[in-house]
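Read through the structure below, which is laid out as structure tokens, and then see the notes.
Chain letters run A, B, ... following the sequence lines, proteins first, then strands; residues in each count from 1.
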Protein chains: 2
Amino acid sequence: MTSPAVTPTCGEGELRDLLRALMTTIGDKWTLAVVATMTVGEQRFTAILHSVDGISHRMLTKTLRGLEDDGLVSRTFHAEVPPRVEYALTPLGLTLLEPLAGLSRWVEHHGPAVLEHRATRQHQEIS
Amino acid sequence: MTSPAVTPTCGEGELRDLLRALMTTIGDKWTLAVVATMTVGEQRFTAILHSVDGISHRMLTKTLRGLEDDGLVSRTFHAEVPPRVEYALTPLGLTLLEPLAGLSRWVEHHGPAVLEHRATRQHQEIS
DNA sequence: CAGAATCCGCGTGGATACTG
DNA sequence: CAGTATCCACGCGGATTCTG
């Protein structure tokens, strides 16, 4: 058959463009890991820094800025000494977890198959 | 509350790592658009090239290579003159459309809200 | 403790030209 | 028509340093 019955929601270029814009955001190197870490609740900067493991100081700041700009994460600054900043998923951010879980399930089921395909690539890599 | 009830599937670092690896793939600049285009059925190289609009010759090749390596897209080469190559989503590739549609729905509902947040960013950009 | 600023290497992606 | 190869610019991301 030349026309599969599967027709996902994306039909117009507008939506596809917006979709890709957000995918680029959450698909970047650290955003996903940070969001995953924050599902456990409000976290301090250094707590996230240590949880994510591998993320640099600077990248965590940038990632959180991005999430904050998107309205997915709230930032609460406590002007104490020493200063304390708490981050948490906003209601909007929480809604993202559902489709994200769907993707996660797909990875659980088909991820290994993808990796096998990558390993046994047909067009062998040049010597 | 400090511990939301939402606990997505991702709990272990293993899965989160794999998830991010695949997110990076499908979240890259063109993969999503190409997959979306290919939901309509088997396509020739140039057909996709014109459908995606904005993608360069070279990037389409690389993107298709990636999808092929992942086993999401099949490549059929017809040794004729002129040569003809047809690409189609594999069964595995088709399974990806479901979670992708979930994400697409999220973007439909909450995407505009995200864009508004981006526009009215709290920490004003320095003059 | 949180984060802004600087420097820099590297990968990505665009334009172009060449092959089969 | 489909794909590869080369060149090059830009932005991401790491390491480091400095401030409140």
Which nucleotide in D/dG3, C/dC1, C/dA15 has an atom nearest any side-chain atom of B/F45: D/dG3
Between B/L18 and A/G111 the two heavy atoms that sit nearest each other are CD2-CA, 4.2 Å
Using distance only, find each side-chain donor-acceptor pair of residues 19-26 of chain B under 3.5 Å and give its atom names and separation, not counting sequence neighbours.
residue	atom	partner	partner atom	Å
B/R20	NE	A/K29	O	3.2
B/T24	OG1	B/R20	O	2.7
B/T25	OG1	A/R118	NH2	2.9
B/T25	OG1	B/A21	O	3.3

Where do A/V40 and A/Q43 come nearest, in terms of heavy atoms and distance? CG2-NE2, 2.7 Å
Taking the side chain of A/R75 as its heavy atoms from C-beta onward, which of C/dA4, D/dG3, C/dG3 lies nearest to it? C/dG3
What's the spacing between A/L60 CG and A/I55 CD1 if we round to 0.5 Å? 4.5 Å
Starting from P on D/dA15, measure out to CD1 on A/I55 and report it in whole angstrom. 12 Å
Going through the distances and angles, do A/L64 and A/M38 end up as a side chain to side chain contact (heavy atoms under 4.5 Å, CB included)? CA-CA 11 Å; A/L64 288 171; A/M38 292 179 52; 4.2 Å; yes
Nearest-Å distance, CG (A/L49) to C1' (D/dG14)? 13 Å
What integer distance in Å separates B/E42:CD from D/dA2:P? 12 Å
Name the pairs: protein N/O against N/O of nucleotides 17-20 of chain D, kept only if under 3.5 Å.
none

Tell me: CZ of B/R20 to C1' of D/dC12, nearest whole Å? 13 Å
Any residue in residues 27-35 of chain A with a heavy atom nearer than 4.0 angstrom to DNA chain D? Just list them by number, or reply none. A/K29, A/W30
Donor-acceptor pair, side chain of B/T39 and main chain of B/V35, under 3.5 angstrom: no
Rounded interatomic separation in angstrom, taking CZ from A/R65 and P from C/dA5: 10 Å
So, OP1 or OP2 of D/dC1: does either fall under 4.0 Å of a side-chain N or O from B/Y87? no
Distance in Å, A/T37 OG1 paired with A/W30 CH2, rounded so as to fall on 0.5 Å steps: 10.5 Å
Here's a test of your reading of the structure: between A/K62 and B/A47, which maps to the more 5' nucleotide of DNA chain D? B/A47
If I take atom CZ in residue A/F77 and atom P in nucleotide C/dG3, what distance separates them, rounded to the nearest angstrom? 8 Å
Whole-Å distance, B/E68 CD to D/dT4 C1', equals 15 Å
For the helix from C/dC1-D/dG20 to C/dG20-D/dC1, what angle lies between the axis at the first five pairs and the axis at the last five pairs, to 10 degrees? 40°
Counterpart residues, ring pair (Phe, Tyr, Trp, His ring centres under 6.0 Å), relative to A/W106 (two or more places apart): A/H110
Using 4.0 Å as the upper bound for N to carboxylate O, is an ion pair formed by A/E108 and A/R105? no
Starting at NZ of B/K62, measure out to OG1 of B/T31 and round the result to the nearest 0.5 Å. 11.0 Å
C/dC1 P sits how many Å from A/E86 CD, rounded? 14 Å
Is the phosphate of D/dA2, meaning OP1 or OP2, less than 4.0 Å from a side-chain N or O of B/T61? no
Under 3.5 Å, side-chain donor or acceptor atoms of residues 82-90 of chain B against the rest of the protein: list the pairs with distances, not counting sequence neighbours.
residue	atom	partner	partner atom	Å
B/R84	NH2	B/H78	ND1	3.3
B/R84	NH2	B/H78	NE2	3.4
B/Y87	OH	B/R75	NE	3.3
B/T90	OG1	B/G71	O	2.6
B/T90	OG1	B/L72	O	3.2
B/T90	OG1	B/L92	N	3.4
B/T90	OG1	B/G93	N	3.0

Between D/dG3 and B/R58, counting only base atoms on the nucleotide and side-chain atoms on the residue, is there a donor-acceptor pair under 3.5 Å? no
Measure the CG-CG distance between B/D69 and A/L115 for me, rounded to the nearest 0.5 Å. 12.0 Å
